[in-house]
Structure formats: structure tokens, C-alpha cells
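Before any comments, here is the structure.
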Amino acid sequence: MNIIFIGAPGSGKGTQSREFIEKYKFVQLSTGDLLRSAIAAGTVLGLEAKSFMDQGKLVPDDVMIGIVKDYLEANKGKSVIFDGFPRTVEQAKSLASMLNQQNSILDKVFYFKINPLILIERLTGRRVCTKCGEIYHVKTKPSKNEFVCDVCGGSVVHRSDDKESVIVERLAQFEKNTGPTIEYYKSTGLLVEIESSLAPELVFKQIQKVIAL
Ligand code: AP5
Ligand code: MG
């Protein structure tokens with residue numbers, strides 16, 4: 001089974017992906033996490049992606065499609081949660097043909113609808129573990145020690161693109177590029193709207209009910 005989590009920055013895609021991979025047999029393709037790992041490793045991809053990410057802009061389609069192609073090659077036959085990909089209509093069309101080449105299909109696209117007023121608070125308060133990717137929030141889900149991950153002991157940090165000036169641009173990019181992508185999936189009949197302003201366990205239940213795992 002292949003499913004997409006699509007939604008604004010901070011709508012909870014990463015949080016729900018972690019719940020689903022823990023409880024069910026999915027692998028998570030988070031393009032944001034892959035790019036951050038490339039930046040941390042100082043690879044050519046990381047160097048190219050950093051300037052876009054620091055400004056809250058999207059990394060070019062050809063780069064992203066290449067990354068996803070490699071990932072799918074390496075994870076043939078597995079059930080994938082696409083977290084943060086596709087974000088443009090071009091990426092969505094490429095994904096369809098990549099899955100088709102593997103005789104695979106896209107099952108559902110979950111659109112995490114959310115009141116935009118909540119997002120700034122969620123993102124400015126978010127903290128993440130650089131080692132295992134655990135997601136925290138200073139108010140609603142703090143780690144026991146501010147800088148140490150409860151799960152793996154790794155470093156807990158504030159993402160560099162989680163400052164208000166960059167968040168505003170990320171939200172603008174979401175409207176401009178991902179808005180049409182959501183419309184595209186609506187036209188395919190695969191789109192399911194999820195109310196993601198609710199508590200994490202209630203968001204989880206809405207998705208679980210649809211895929212009936
Ligand atoms: P990416 O890392 O994908 O960031 P994003 O899409 O902006 O989404 P976020 O990770 O910020 O939010 P999320 O929805 O995962 O929320 P989370 O669960 O963490 O991409 C980063 C950058 O990489 C992009 O800007 C772009 O430059 C580049 N990029 C990536 N993919 C690309 C692509 N395909 N094409 C081009 N460029 C690409 O939750 C947020 C906070 O809210 C947390 O603190 C959490 O604890 C809290 N929270 C979560 N759920 C709830 C809830 N239900 N109730 C209360 N609090 C909650
Ligand atoms: Mg995320």
C-alpha cells in the first residue's frame with residue numbers, strides 16, 4: 001500500500017508518519033528528512049538543497065524526483081508513506097509514472113487540513129532529534145531534558161527553517177505549489193481530507209479508519 005501525507009508545514013505529517021511506521025509495516029519517505037541528512041553529511045545534494053531550504057523555497061523538481069526514484073528502487077515492494085512528496089503537480093505526475101514502472105499504485109492521498117493560525121505556534125515550538133527524528137514541542141510534547149532526546153539520547157534542536165520569517169515563505173510556497181497538487185489529487189478521486197487541528201490520536205484514528213489496517 002502506498003499513501004501520501006500532504007499538508008501545510010506543521011500540519012502533523014511527520015508526527016503521524018512516525019505513529020504509522022511504529023504500529024504498521026510502512027516505510028516513511030520524508031523528503032525533508034532526507035535533505036536534512038544530506039546537509040548534515042555535507043554532500044553535493046545537501047549543499048544544493050540548503051540554500052533553498054534556508055529561504056523556505058522548494059528544492060527544484062528534477063532534484064526531488066531523482067531522490068524519490070532512488071528511494072523507490074531501494075525499497076521495491078514495500079508499503080510507503082510519502083511525507084512531503086509530491087509538492088508540485090510535476091512531482092505528482094512523476095510519482096504516478098515511477099509507481100507504474102514498478103507495477104505499483106497509489107492507494108490514498110491524505111490531505112491534512114488545518115487552521116493556518118495554529119501553524120506558527122506549532123512550528124516555532126517544535127524541536128526535533130537530529131539522530132532518530134523524534135518530534136517534540138516545547139509546550140505540548142517537551143522532551144524531559146530540553147536538549148536530549150528521550151528515545152535515543154541524541155541532540156534535540158530547533159530546525160533552522162522554523163523561524164517565523166522562513167515559515168511565512170514556506171506557507172506561501174504551500175499555497176502556490178501544493179494547493180494545485182491537492183486539486184490534482186482531488187480530480188483523481190484519491191484525496192481524503194483529514195481534520196488535523198485535532199489531537200494526534202484523533203488524527204491517527206481518521207487515517208486508520210480509511211485504510212482499515
Ligand atoms: P519538510 O521537512 O517536509 O517540512 P514541511 O512540509 O514544511 O513540514 P514540517 O516537517 O514542517 O511539518 P509536519 O507536517 O511534518 O509537522 P510535524 O509532525 O513535525 O520540508 C522542509 C523543506 O525541504 C521544504 O521547505 C523544502 O525546501 C524542502 N523539501 C522537502 N520536500 C520537498 C519536495 N517534495 N519538493 C521540494 N522541496 C522539498 O508537527 C509540527 C509540530 O506540531 C510538532 O512540534 C508536533 O509535536 C506538533 N503536532 C503535530 N501534530 C499535532 C497535533 N495533532 N496536535 C498538536 N500538536 C501537533
Ligand atoms: Mg515533517
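FYI, side chains are in, hydrogens and waters are out, and symmetry mates aren't considered; it's all heavy atoms of this structure. Whatever order the structure lists ligands and atoms in, that order sets their numbers, starting from 1. Position 1 is the first residue of the sequence; numbering continues from there.
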Just need the protein heavy atom nearest to [atom], so name the residue and atom and give the distance.
atom	result
atom 47 (C) of ligand 1	R122 CD, 4.1 Å
atom 7 (O) of ligand 1	R170 NH2, 2.8 Å
atom 18 (O) of ligand 1	T15 OG1, 2.6 Å

Query raised in the report: Could you go step by step and tell me if F204 and F20 meet the side-chain contact (heavy atoms from CB on, under 4.5 Å) rule?
Result: CA-CA 8 Å; F204 183 86; F20 274 88; 3.3 Å; yes
Heavy-atom contact check, 4.0 Å cutoff: does [X] meet ligand 1?
X	result
Y136	yes
D61	no
G7	no
D33	no

Query raised in the report: With backbone taken as N, CA, C and O and side chain as the heavy atoms from C-beta onward, which portion of A199 lies under 4.0 Å from ligand 1: side chain, backbone, both, or neither?
Result: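 Under 4.0 Å from ligand 1, A199 contributes backbone atoms alone.
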Query raised in the report: Does a donor on one side chain and an acceptor on the other come within less than 3.5 Å for D83 and T31?
Result: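 Per modelled atom types, D83 and T31 side chains form no pair under 3.5 Å.
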Query raised in the report: Which residue from R159, E201, K13 reaches closest to atom 1 (P) of ligand 1 through any of its heavy atoms?
Result: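 The nearest heavy atom belongs to R159.
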Report task. Just go through R87, R18, K141, Q16 and tell me whose heavy atom is the nearest to atom 33 (C) of ligand 1. Result ->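 Nearest heavy atom to atom 33 (C) of ligand 1 lies in R87.
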Query raised in the report: When only distance counts, is R126 in polar contact with ligand 1, meaning an N/O pair under 3.5 Å?
Result: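 Looking only at distances, the answer is yes, because the N/O contact criterion of under 3.5 Å is met.
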What pairs of donor and acceptor atoms, side-chain ones from residues 90-97 against any protein atom, are under 3.5 angstrom apart with sequence neighbours left out?
from : atom 1 : to  : atom 2 : distance (Å)
Q91  : OE1    : R87 : N      : 2.9
Q91  : NE2    : D61 : OD1    : 2.9
S94  : OG     : E90 : O      : 3.2
S97  : OG     : S94 : O      : 3.2

Requested in this report: Identify whether NZ of Lys or CZ of Arg in K57 sits under 6.0 Å from the centre of the six-membered ring of F52 and within 45° of that ring's axis.
Outcome: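 No, K57 does not sit over the ring of F52.
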**Report entry** Residue pairs fulfilling side-chain hydrogen bond (donor to acceptor under 3.5 Å, both in side chains) with at least one residue in residues 62-71, sequence neighbours excluded
**Finding:**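 Non-adjacent pairs meeting side-chain hydrogen bond (donor to acceptor under 3.5 Å, both in side chains): zero.
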